[in-house]
Amino acid sequence: MSTLRQAVKEYIEMRRGLGFKLRETERGLIDFAAFLEANDTPHITTELALAWAQRPSRAQPSHWARRLGYVRVFARHRAAADPRTQIPPDGLLPFRPKRARPYLYSKEDIQRLLSAALEMPCRYTRCKLRPWTYYCLFGLLSVSGLRLGEARNLKLSDIDFDAAVLTIRGTKFGKSRLVPMQASTCAVLQDYLKRRRQHCAAQAAFPYLFTSQLGNRLDVGDIHRTFYTLSRQIGLRGATDSHGPRLHDMRHVFATNTLVRWYEAEQDPERLLPILSTYLGHVHVADTQWYLTGSPELMKEAMRRLERRWEDRT
């Protein structure tokens, strides 16, 4: 193994130890190391980094920028051990990714979605529990701020009804955290588990909270297809729309509503924001701040507080 390949391996292991998955980064950096070897260059140069990043030539600029980003971060790390290392400067292959504009669900939107879930037709006895499964899944996402993957991965052993707490394990950055539940959420989940036991005694032994009729963890593709079907049914999406409200937007709404409540309670959102960030499982507070943009209710509360401060000065 070449020195550079070994350095890539050690770098990936070090960052994974910090909780990052880096699957795509690992593949990219291994390929980059092979590219340098093919060019008889034992250290990173900006010229070769740029040439590698722009492969294939038909790819989108976002793809090029992402590949160069892998190299740039690795080069900063590598420069400490190899002073010949050139760090590609910022500004090469500039690209600013566009985040999807979140949809701000209203309470009525959520209620219509949950009602539609309960009304899903069931032709066979074995799928009789499916409406309740999606009713509880979509309802939990709307009140908890969980990522879809976190809710999908929940096991029965992760639920403590006595303490009203969910344990979220192995999250996006390899961390675990505790998420409190309201009494109403506990009641709905307990009712769902009771229905599950009544529907099929064998399901009582299934480890995951949300399962298919076969006892497997819900398929993420089926979750999205079901959501899109129900969204079109209740008018959140047009019949032929390929874009529209997403399940992830419920997380955005949860964060926004939390901040609005803090404003209304005359609390200091800036001081409390790290608490919300921890609750959502974010590594950086800046990630949480992005969730809190574009809400009319939030802007209204912010303006109300600002106006009161100006009135106090006059």
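The residues of the chain are indexed from 1 along the displayed sequence. Computed from a predicted model, the values in this text were never measured in an experiment.
Shown here for Phe210 and Cys136, the closest heavy-atom pair between the two residues is CE2-CB, 3.7 Å. When all heavy atoms of Leu140 and Leu166 are compared, the pair lying nearest together is CD1-CD1, 4.2 Å. Among all heavy-atom pairs drawn from Ala49 and Phe32, the shortest one is CA-CE1, 3.7 Å. Taking each heavy atom of Pro180 and Leu178 in turn, the nearest pair found is CD-O, 3.9 Å. Smallest separation of non-hydrogen atoms from Arg225 and Asp219: NH2-OD2, 3.8 Å. When all heavy atoms are compared, the tightest approach of Pro131 to Ala117 is CB-O, 3.2 Å.
More than 12 heavy atoms of other residues, nucleotides or ligands lie within 6.0 Å of CD in Gln190, so this atom counts as buried by the packing criterion. For Glu13, the CD atom sits in a packed shell: over 12 heavy atoms of surrounding residues, nucleotides or ligands are nearer than 6.0 Å.
Ring geometry, Phe138 versus Phe227: the interplanar angle exceeds 60°, so the pair is classed perpendicular (tilted spans 30 to 60°).
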- What do the steps show when you test Asp191 against Lys194 for salt bridge (charged side-chain N to carboxylate O under 4.0 Å, His left out), and what is the final call? CA-CA 5 Å; Asp191 178 70; Lys194 179 181 178 181; over 6 Å; no
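Leu189 is listed as a side-chain neighbour of Met181, based on a closest heavy-atom distance under 4.5 Å. When side chains are defined from C-beta on, Leu209 counts as touching Leu193, because their heavy atoms get closer than 4.5 Å. Counting only heavy atoms from C-beta outward, the side chains of Leu259 and Gln267 never approach each other to under 4.5 Å. Residues Met14 and His77 form a side-chain contact, since some pair of their non-hydrogen atoms from C-beta on lies under 4.5 Å apart. Taking the side chain as every heavy atom from C-beta outward, Glu26 and Arg16 approach each other to under 4.5 Å. Looking at heavy atoms from C-beta onward, Phe254 lies out of side-chain contact with Arg251 at the 4.5 angstrom threshold. Side-chain contact check for Tyr228 versus Leu247: every heavy-atom pair is 4.5 Å or farther apart. Side-chain contact between Tyr134 and Leu218 is present, with heavy atoms from C-beta onward closer than 4.5 Å.
The salt bridge (Lys or Arg N to Asp or Glu O under 4.0 Å) test with Asp158 singles out one residue from Arg152, Arg169, Arg177, and that residue is Arg169.
With respect to Glu37 and Arg5, a salt bridge is recorded, a charged nitrogen being found less than 4.0 Å from a carboxylate O. A salt bridge is absent between Arg112 and Glu108; no separation between the charged side-chain nitrogens and carboxylate oxygens falls under 4.0 Å. Between Glu24 and Arg66 there is a salt bridge, with a side-chain nitrogen of the basic residue lying less than 4.0 Å from a carboxylate oxygen of the acidic one. Remark: Asp222 engages Arg130 in a salt bridge, criterion side-chain N to carboxylate O under 4.0 Å.
Panel note: side chain Asn153, backbone Glu150; no donor-acceptor pair is recorded below 3.5 Å. Checking side-chain atoms of Arg147 against main-chain N and O of Gly281 turns up a donor-acceptor pair under 3.5 Å. Asp160 places a side-chain N or O within 3.5 Å of a backbone atom of Ala163 that can act as its donor or acceptor partner. Formation of a donor-acceptor pair under 3.5 Å by the Thr41 side chain with backbone atoms of His43 is not found in this model. Judged by distance alone, the side chain of Arg78 and the main-chain N or O of Pro83 form no donor-acceptor pair under 3.5 Å. Formation of a donor-acceptor pair under 3.5 Å by the Arg196 side chain with backbone atoms of Phe206 is found in this model. Looking at Gln86, its side chain never comes within 3.5 Å of a backbone N or O of Ile44 through a donor-acceptor pair. Looking at Arg84, its side chain never comes within 3.5 Å of a backbone N or O of Ala79 through a donor-acceptor pair.
Under 3.5 Å, the side chains of Trp52 and Asp31 contain a donor-acceptor pair of N or O atoms. Side-chain polar atoms of Thr133 and Tyr192 form a donor-acceptor pair below 3.5 angstrom. Side-chain contact annotation: Arg217 with Ser212, donor-acceptor N/O pair under 3.5 Å absent. No donor-acceptor contact under 3.5 angstrom links the side chains of Asn216 and Tyr208, judged on distance only.
For residues 229-244, no residue pair satisfies the salt bridge (charged side-chain N to carboxylate O under 4.0 Å, His left out) rule, not counting sequence neighbours.
Linking Ile, Leu, Val, Met, Phe, Trp and Tyr residues whenever their side-chain heavy atoms come within less than 4.5 Å places Tyr135 and Met120 in a single cluster.
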